[in-house]
Amino acid sequence: MNESVVQYLDEHADRFVEELKEFLRIPTVSADPACKPHLQRGAEFVYRQFANLGFHAEIVPTAGHPIVYAEWLKAPGAPTVMVYGHYDVQPADPLDLWTTPPFEPTLRDGCLYARGATDDKGQVFTHIKSAEAWLRTVGSLPVNLKYVIEGEEEVGSRNLEDFLDARKDLLRCDVAVVSDTSQYGPNQPAITYGLRGILAVEVTLTGPKKDLHSGVFGGAVANPASGIARLIASLHDDQGRVRIPGFYDDVTPLTELERSQFRDMGFDEAAFKAELGVSELFGEAGYSTLERRWARPTCEVNGLVSGYTGVGPKTIVPSKATVKITCRLVPNQDPQKLTQALHDYLKSQCPPSLTFEFTNYHGCPGFVLDPNSPYIEAASEAIRDAWGVDRVRLIREGGSIPVVQTFKEVLGVDTLLLGWGQNTDNLHSPNEHFSVADFHRGISASARLWQKLADLKR
Ligand code: BES
Ligand code: MN
Ligand code: MN
């Protein structure tokens, strides 16, 4: 790669971290209505990054949080790359488990600690700083770049599809690049060729119109907390299989080749158990841990609320009980169809004397990329050079990024998932962090990627 670009990255490394800290100080929690003004500030921060580099940039309002769109199209004949990322973050709770406050970014043991450090502000920032390095040294980029940085990924990207639809022509590109996933392990960079989809719902059961004295009334009415426990218990059999009728009908099974590739990954179960603090692993019978995490559908309870949860006892029959559930889906499963199946099944399990309320939050299908795509090889070379390793793994992952399938459907392009994070970065958890070394390697890989993709077209 161009020497002056490499040198620029080196000379400005510390400032890049300082600017990332500034980004991380903005509490862009998309799920929290109280944070709405901060999401606007987050969008403005991203906008200014691009505007300062001479990109054509705009803040596009949506029914929810704004989308930042930016483009630099002065490389005629060169490929056009779409970069997607998100500036919104997950809620920081539980706050008391953070060693340093979530929105006061702090350097510790070579990592930057803050909500959003790895998911996704730190990762998305690598693709901004790589463009800066080219523009401030060479004065131009080897490819055309379009960036879509949204503020609603963590709540299901509700308004993104409309934006993509409305601007289909403007957004035309050859390939999309997303850094919002993880490496296989420390210093083991990976390209992710598959992600799971998701469906997210909430169920509330209501019994008596108010909480009741459990001595005076208990035994004479159905208890909503017991009702919700029944629903939850009905979701799985004791082999860890999901019992929703039809749940597995459309699943594209893993090929024998993939199963053997997963087996050859040398996955360390003992280290995994230690990392999670569990004595045993548990999941769908007949599948390995990597298969369960990357390529099998699941149904998980995410939250459960009912009755009195304060200190000490309180003798009541609660009026309501609520459960939040998500299913992870694999390619060929339809989120809408399965949301209906889940609804029908849970309703059938609900004691008749409780009222059943069902909220459908969001959903997206699973994703797989053809592992033989030439873009994968180009990205792999860029990553090898930046990390100084001789191989880049090809993995699947279990998380979801709703837009990747939409890119395929609306824009007809493949997405390169180039994750600079680690599964141990505590994404969505207290003490989220991002390795400063991975941040810089990510910037370097991104800067190299623009060149590799340009070379590919020639
Ligand atoms: N960056 C994650 C997705 C991810 C993380 C993929 C690690 C692979 C490895 C993303 O921000 C995320 O959290 N997505 C949500 C989906 C959304 C619809 C709420 C998820 O996976 O829970
Ligand atoms: Mn993310
Ligand atoms: Mn996330």
Side-chain angles (χ1 to χ4, degrees), residues 23-24 28-32 42 64-65 83-93 102 114-127 148-161 177-185 188-202 290 293-295 297-303 324-330 335-336 339 360-369 393-406 415-430 432-434 438 442:
F23 192 14
L24 290 168
T28 51
V29 181
S30 49
D32 182 356
H65 303 305
V83 178
Y84 162 85
H86 61 96
Y87 67 83
D88 66 320
V89 300
Q90 286 274 316
D93 329 43
R115 171 56 87 229
T118 189
D119 185 11
D120 178 38
K121 287 173 174 169
Q123 295 205 54
V124 84
F125 213 51
T126 63
H127 295 299
V148 173
I149 315 295
E150 70 152 322
E152 296 189 293
E153 197 275 346
E154 299 292 7
V155 289
S157 299
R158 273 185 282 254
N159 295 294
L160 189 61
E161 192 162 344
V177 170
V178 177
S179 290
D180 193 23
T181 51
S182 298
Q183 301 178 49
Y184 183 66
Q188 293 179 294
I191 296 176
T192 299
Y193 73 90
L195 287 175
R196 289 193 288 189
I198 192 170
L199 67 83
V201 307
E202 181 172 305
L290 285 184
R293 291 171 57 209
W294 291 353
T298 62
C299 185
E300 298 286 350
V301 172
N302 307 125
K324 293 178 191 285
I325 298 173
T326 50
C327 295
R328 293 291 162 168
L329 310 177
V330 299
Q336 264 165 6
T339 301
N360 173 10
Y361 283 121
H362 57 77
C364 77
F367 164 82
V368 269
L369 175 66
R393 294 183 187 248
L394 212 48
I395 62 172
R396 285 170 73 157
E397 285 190 274
S400 311
I401 303 175
V403 76
V404 290
Q405 190 58 31
T406 319
T415 298
L416 285 172
L417 295 163
L418 313 179
W420 317 139
Q422 298 289 348
N423 285 323
T424 49
D425 284 347
N426 292 335
L427 50 166
H428 295 203
S429 293
E432 178 176 349
H433 57 276
F434 188 29
D438 283 338

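Counting convention: from 1, in listed order, for ligands and their atoms alike. Each residue takes its place number in the sequence, starting with 1.
Looking at heavy atoms from C-beta onward, Asp32 lies out of side-chain contact with Pro91 at the 4.5 angstrom threshold. Side-chain contact between Thr181 and Ile401 is present, with heavy atoms from C-beta onward closer than 4.5 Å. Using a 4.5 Å heavy-atom threshold, the side chains of Arg158 and His362 count as separate. Looking only at side-chain heavy atoms (C-beta outward), Arg196 and Pro297 stay at 4.5 Å or farther from each other. Looking at heavy atoms from C-beta onward, Phe367 lies in side-chain contact with Leu417 at the 4.5 angstrom threshold. Contact of the Lys121 side chain with the Thr28 side chain is registered, since non-hydrogen atoms from C-beta on lie closer than 4.5 Å.
The Mn ion (ligand 3) lies under 2.8 Å from an N, O or S atom belonging to His428. The nearest N, O or S atom of Glu154 is closer to the Mn ion (ligand 3) than 2.8 Å. Taking 2.8 Å as the threshold, Asp119 counts as a candidate ligand of the Mn ion (ligand 2), since one of its N, O or S atoms lies below it.
Classification of the His127-Trp420 ring pair by plane angle, with boundaries at 30° and 60°, yields tilted.
Nearest protein neighbour of atom 14 (N) of ligand 1, counting heavy atoms only, is Ser400 O, 2.8 Å. From the protein, the heavy atom lying nearest to atom 18 (C) of ligand 1 is His362 CE1, 3.3 Å. The protein atom (non-hydrogen) at minimum distance from atom 8 (C) of ligand 1 is Thr181 CG2, 3.7 Å.
The main-chain N or O of His86 is found under 3.5 Å from a side-chain atom of Asp120 such that the two form a donor-acceptor pair.
Heavy atoms of Leu427 found under 4.0 angstrom from ligand 1 belong exclusively to the side chain. When non-hydrogen atoms are compared, ligand 1 lies under 4.0 Å from neither the backbone nor the side chain of Cys364.
Among the atoms of His428, some N or O lies under 3.5 angstrom from an N or O of ligand 1. For Glu153, a nitrogen or oxygen atom sits less than 3.5 Å from a nitrogen or oxygen atom of ligand 1, counting backbone and side chain alike. The shortest N/O to N/O separation between Glu397 and ligand 1 does not fall below 3.5 Å. Checking only distances, Arg328 does come within under 3.5 Å of ligand 1, N or O to N or O.
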Derivation and outcome, side-chain hydrogen bond (donor to acceptor under 3.5 Å, both in side chains), residues Ser157 and Glu150: CA-CA 8 Å; Ser157 299; Glu150 70 152 322; 2.6 Å; yes
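Note: Gln90 CD to Ser30 OG = 7.0 Å, rounded to the nearest 0.5 Å.
Per-residue contacts place His86 under 4.0 angstrom from the following atoms of ligand 1 (heavy atoms of the residue considered): 11 (O). Those atoms of ligand 1 with a heavy atom of Asp180 less than 4.0 angstrom away are 1 (N), 2 (C), 3 (C), 4 (C), 5 (C), 6 (C), 10 (C), 11 (O). The distance from ligand 1 to the heavy atoms of Pro402 drops below 4.0 Å at these ligand atoms: 18 (C).
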